[in-house]
Amino acid sequence: TFAGYRGTGSVVTERKLAEERVRESQKLLHSVIDAVPAIVNLKDRHARFLLVNRYQSETYGLTSEQMVGHTIEEILGTTQGRVSTANDLEVISSGLPQLNREIDWTDRYGLKHIMLVSKVPMPDPTGAPNYLVTVALDITDRRRMEESAHRLIAAIETSPELFVIYGPDDRIAVTNQKFRDINRAA
């Protein structure tokens, strides 16, 4: 007579449910990374891409599948690609992060950008830094606005005309040197 197989079905079901939860969690994490409006990637200890977010794929005009397994040097074939890959390998081997480093970057159309780049080594299960997470934010527009503001301030400050700005409370908020010199003399 057959006695049955008590518990086997529930173990398989629990394992399948756990695997499904892991898949859903990975899918959610990838969706979050893809939603970030900055370059986000994960590289192995040889600086080859393991994960590339949508923003980076669009920036480079390649699919993530075309990038995974390759270094940025292999993808770009340029000096900036070689420099970036060498820097990746340095961060991985040293185990020390590089945070908020500004670099000049030329895109695939030849346009210049200023990127704020952070590279953080990640340890494998043994504790060795075998992975690298990179986040790069394009700060070109912000930098241009800052430079424009500095030029405007310099022009106002050196103007031969009196310059004064009043705040919402009708108090003086900004003046130029000419205004300050005349008021000092009075």
Side-chain angles (χ1 to χ4, degrees), residues 1-78 80-109 111 113-143:
T1 66
F2 179 70
Y5 55 86
R6 196 175 1 179
T8 304
S10 66
V11 170
V12 170
T13 302
E14 287 175 20
R15 187 179 72 220
K16 287 198 180 283
L17 288 172
E19 290 170 355
E20 180 60 28
R21 283 194 297 270
V22 167
R23 277 192 297 278
E24 287 298 317
S25 178
Q26 289 172 337
K27 186 177 174 182
L28 178 61
L29 178 59
H30 206 283
S31 294
V32 168
I33 291 169
D34 274 344
V36 176
I39 289 173
V40 179
N41 62 57
L42 175 67
K43 297 174 186 167
D44 67 14
R45 65 187 177 96
H46 301 291
R48 293 179 300 227
F49 290 106
L50 298 172
L51 179 135
V52 177
N53 76 337
R54 182 179 302 127
Y55 186 92
Q56 184 165 15
S57 294
E58 291 172 357
T59 298
Y60 287 90
L62 300 169
T63 65
S64 60
E65 292 79 15
Q66 291 172 306
M67 296 180 75
V68 168
H70 300 281
T71 66
I72 195 66
E73 178 180 3
E74 293 168 340
I75 290 168
L76 297 179
T78 63
Q80 89 182 358
R82 282 190 294 284
V83 169
S84 185
T85 296
N87 184 253
D88 290 345
L89 294 170
E90 176 187 323
V91 171
I92 293 166
S93 67
S94 74
L96 300 173
Q98 288 184 352
L99 303 175
N100 300 320
R101 200 170 124 232
E102 289 187 19
I103 64 165
D104 294 323
W105 190 260
T106 304
D107 69 16
R108 61 191 168 123
Y109 302 109
L111 300 174
H113 297 267
I114 301 169
M115 305 296 285
L116 186 63
V117 180
S118 292
K119 296 183 178 194
V120 180
M122 279 184 43
D124 65 14
T126 69
N130 280 326
Y131 301 100
L132 179 69
V133 174
T134 302
V135 177
L137 180 65
D138 189 339
I139 60 168
T140 308
D141 291 339
R142 183 180 86 186
R143 182 54 46 86

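- Every residue two or more places apart in sequence or in another chain was checked for a salt bridge (Lys or Arg N to Asp or Glu O under 4.0 Å) with Asp107, and none qualifies.
- Applying the salt bridge (charged side-chain N to carboxylate O under 4.0 Å, His left out) test to every pair with at least one member in residues 53-64, sequence neighbours left out, gives these pairs: Asp34-Arg54.
- Looking only at side-chain heavy atoms (C-beta outward), Leu76 and Tyr60 come within less than 4.5 Å of each other.
- Take Leu96 and apply the side chain to side chain contact (heavy atoms under 4.5 Å, CB included) test, not counting sequence neighbours, and it matches Ser94.
- For Pro97, the side chain to side chain contact (heavy atoms under 4.5 Å, CB included) test picks out Leu99, Val120, Pro121, with sequence neighbours left out.
- When all heavy atoms of Val36 and Tyr55 are compared, the pair lying nearest together is O-CB, 3.8 Å.
- Not a single donor-acceptor pair under 3.5 Å links the side chain of Asp138 to the backbone N or O of Met115.
- Distance alone, capped at 3.5 Å, is enough to place a donor-acceptor pair between the Arg108 side chain and the Thr59 backbone.
- Contacts of Arg21 classified as side-chain hydrogen bond (donor to acceptor under 3.5 Å, both in side chains), with partners at least two apart in sequence or in another chain: none.
- Between Phe49 and Asp44 the shortest side-chain heavy-atom distance does not fall below 4.5 Å.
- Rounded to the nearest 0.5 Å, atoms CD (Glu24) and OG (Ser31) are 9.5 Å apart.
- Scanning all heavy atoms of the two residues, the minimum distance from Ser57 to Val52 falls at OG-CG1, 3.8 Å.
- At least one donor-acceptor pair closer than 3.5 Å links the side chain of Ser118 to the backbone N or O of Asn100.
- Considering Leu89, Asn41, Asp88 as possible partners of Leu132, the one that fulfils the side-chain contact (heavy atoms from CB on, under 4.5 Å) test is Asp88.
- For Arg101, the side-chain hydrogen bond (donor to acceptor under 3.5 Å, both in side chains) partners two or more places apart in sequence, or in a different chain, are Asn87, Gln98.
- The local environment of CZ in Arg45 is sparse, with at most 12 non-hydrogen atoms from other residues, nucleotides or ligands closer than 6.0 Å.
- By the 4.5 Å heavy-atom criterion applied to side chains, Ser84 and Lys119 are counted as neighbours.
- Looking only at side-chain heavy atoms (C-beta outward), Val135 and Ile39 stay at 4.5 Å or farther from each other.
- Listed by chain and residue number, Arg144 satisfy the salt bridge (Lys or Arg N to Asp or Glu O under 4.0 Å) test with Asp141 (two or more places apart in sequence, or in another chain).
- In this view, Leu42 and Leu50, Leu51, Met122, Tyr131, Val133 satisfy the side chain to side chain contact (heavy atoms under 4.5 Å, CB included) rule, not counting sequence neighbours.
- Looking at residues two or more places apart in sequence or on another chain, you find a salt bridge (Lys or Arg N to Asp or Glu O under 4.0 Å) between Glu19 and Arg15.
- Residues passing the side-chain hydrogen bond (donor to acceptor under 3.5 Å, both in side chains) test with His46: none are found, sequence neighbours excluded.
- Residues satisfying the side-chain hydrogen bond (donor to acceptor under 3.5 Å, both in side chains) criterion with Thr106, sequence neighbours excluded, are Lys112.
- Under the 4.5 Å side-chain criterion, counting only non-hydrogen atoms from C-beta, Thr71 is in contact with Glu74.
- Contact between Ala136 and Ala38 at its shortest, heavy atoms only, is O-CB, 3.4 Å.
- One distance of note links CZ of Arg48 with NZ of Lys43; it measures 12.5 Å at 0.5 Å rounding.
- Atom-to-atom distance recorded for Gln66:CD and Ile75:CD1 is 9.0 Å, nearest 0.5 angstrom.
- Listed by chain and number, the residues in a side chain to side chain contact (heavy atoms under 4.5 Å, CB included) with Arg143 are Glu102, Ile114, Ile139, Glu146, Glu147 (sequence neighbours excluded).
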